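Single-structure report; data block below.
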Amino acid sequence: MLRIGLLGCGRIGQVHAKSIAHIDGAEVSAVADAFADPAQALAAQTGAQVLEPLELIESASVDAVVIGTPTDTHFDLIHAAAAAGKAIFCEKPVDMSADRIRICMEAVKQAHVPFLTAFNRRFDPNFANVQSRIANGEIGAVEIVTIQSRDPSPPPVSYIKSSGGLFRDMMIHDLDMARFLLGEEPVSVYAVGAALVDPAIGAAGDVDTAAVTLTTASGKICQISNSRRASYGHDQRIEVHGAGGMLRAENMLENTVEVATAEGFRAAPAQHFFLERYSEAYRREMAHFVAAVRDGTAISPTIEDGLKAQVLADAAAESLAKGAPVLLT
Ligand SMILES: NC(=O)c1ccc[n+]([C@@H]2O[C@H](COP(=O)([O-])OP(=O)(O)OC[C@H]3O[C@@H](n4cnc5c(N)ncnc54)[C@H](O)[C@@H]3O)[C@@H](O)[C@H]2O)c1
């Protein structure tokens, strides 16, 4: 039985608790939060004991930790968990600074503990299918990847200020997906963006609408389109064009019923947001972590993947500020 301690009992902590409940051979043995209420609520649901965060990390009844706390707390928790020799499942982004992620990487390496960066979209059955079909050569060499990724509505401005902004908090998922599908590291990043959805987001120094073009050394291209607004739900589409064909993963709709009248065809909205859209991906992600820790097999995405996506997010922010492409050496 892999005994897991959950750090952070908010939105994503609750998702991971549900996933663990569905996995044979894993249990939530302890939970911790900065506040008593969320911890008590999740303890009541899972049967876990409530501990203080550092007490949980050091507890003899915890084999692995899930870090689902706000991003600015990850650094200290990663260090404490690595020092305690615990396997680590860490929410994205690992940290808001690439240099601090490098320091975490060193601590994880020194401690020889398993580490997963929670880029859950790699575990989405459709996106994983696209990647494995690329790897099987079904469309030949990849030439251009197009990622459309739009949230249904913007978060509060307070969140924008503390989350690192669109590139480091939201697009980071798409930047990881770009690396996953291109199969080559981007060497240049060009970003454009604006605050078209909410002027308060612009006043806070961020954008809510952005497009980024990545290119690799061999000339492969990826275009990412992000918006904090989509009136029809969580818009998540991917297309990969290769020398011998094209792979496309469409939106997941609330249902598959279509109505046709004299006015035309109508389908349901896209599944509302990440909790619904990626529910299966979260379950598969946790199942991969549990199996890998238990069996001692390789874990992916790694902390290096967390760092590489962060470097791309930093380059996108720099490119937007400069109004020019940023070259990565
Ligand atoms: N992979 C995804 O799809 C996804 C989705 C949402 C959030 N996230 C990431 O998960 C993390 C948490 O986001 P959220 O939306 O669940 O936030 P949240 O605010 O809903 O929950 C965070 C919880 O952590 C608690 N907390 C704060 N500091 C703590 C500390 N030092 N020790 C223990 N508990 C602490 C808070 O009280 C809160 O209950 C962020 O890094 C975010 O980027 C990832």
Side-chain angles (χ1 to χ4, degrees), residues 5-19 28 30-43 45 48 50-59 62 65-81 88-97 100-101 104 116-124 127 149 151-156 158-177 180 226 228 234 236 271-286 288-289 301 303 305-306 309-310 313:
L6 280 183
L7 294 157
C9 305
R11 287 189 308 176
I12 208 69
Q14 291 167 35
V15 168
H16 295 319
K18 274 199 204 110
S19 298
V28 181
V31 297
D33 198 278
F35 295 97
D37 284 356
Q40 294 294 354
L42 207 52
Q45 205 179 301
V50 177
L51 297 175
E52 289 302 312
L54 290 180
E55 208 183 0
L56 178 150
I57 288 170
E58 281 156 19
S59 166
V62 167
V65 297
V66 171
I67 302 180
T69 52
T71 303
D72 60 1
T73 66
H74 294 179
F75 183 92
D76 289 344
L77 295 173
I78 290 168
H79 277 81
I88 303 170
F89 175 118
C90 180
E91 263 312 330
K92 52 54 62 181
V94 176
D95 191 88
M96 281 181 264
S97 140
R100 281 162 58 93
I101 298 179
C104 291
L116 177 135
T117 301
F119 286 128
N120 56 293
R121 293 184 193 180
R122 291 192 184 207
F123 297 89
D124 174 75
F127 296 167
S149 176
D151 287 354
S153 53
S158 56
Y159 178 83
I160 299 277
K161 286 180 181 158
S162 65
S163 67
L166 184 135
F167 297 116
R168 295 183 182 90
D169 177 54
M170 177 180 172
M171 193 184 283
I172 195 137
H173 278 295
D174 307 304
L175 294 165
D176 177 66
M177 187 53 60
F180 187 52
N226 271 181
R228 294 278 196 187
H234 199 21
Q236 298 286 288
Q271 289 179 348
H272 180 62
F273 205 3
F274 63 90
L275 294 177
E276 300 84 10
R277 172 64 184 82
Y278 289 113
S279 55
E280 183 62 23
Y282 292 124
R283 280 195 286 273
R284 287 170 172 232
E285 174 184 55
M286 189 58 75
H288 167 70
F289 175 75
I303 191 164
D305 291 313
Q310 186 70 31

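Start at 1 and go down the list; that is how both ligands and their atoms are numbered. Just so it is clear, the structure is predicted and the values come from calculations on it, not from any experiment.
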Axial cation check for F127 ring with R277, 6.0 Å and 45° limits: yes
Beyond-backbone contact of R228 with P155, side-chain heavy atoms, under 4.5 angstrom: yes
By ring-ring contact (aromatic ring centres under 6.0 Å, His included) - contacts of F274 (at least two apart): none
Protein residues having a heavy atom less than 4.0 Å from any atom of ligand 1: G8, G10, R11, I12, D33, A34, F35, P53, G68, T69, P70, T71, T73, H74, E91, K92, P93, A118, N120, D169, H173, F274, Y282
Under-4.0 Å salt bridge between D176 and K92: no
Residue E52 excluded, over 12 heavy atoms near CD under 6.0 Å: no
Test item: side-chain donor near acceptor, E285 and Y278, under 3.5 Å: no
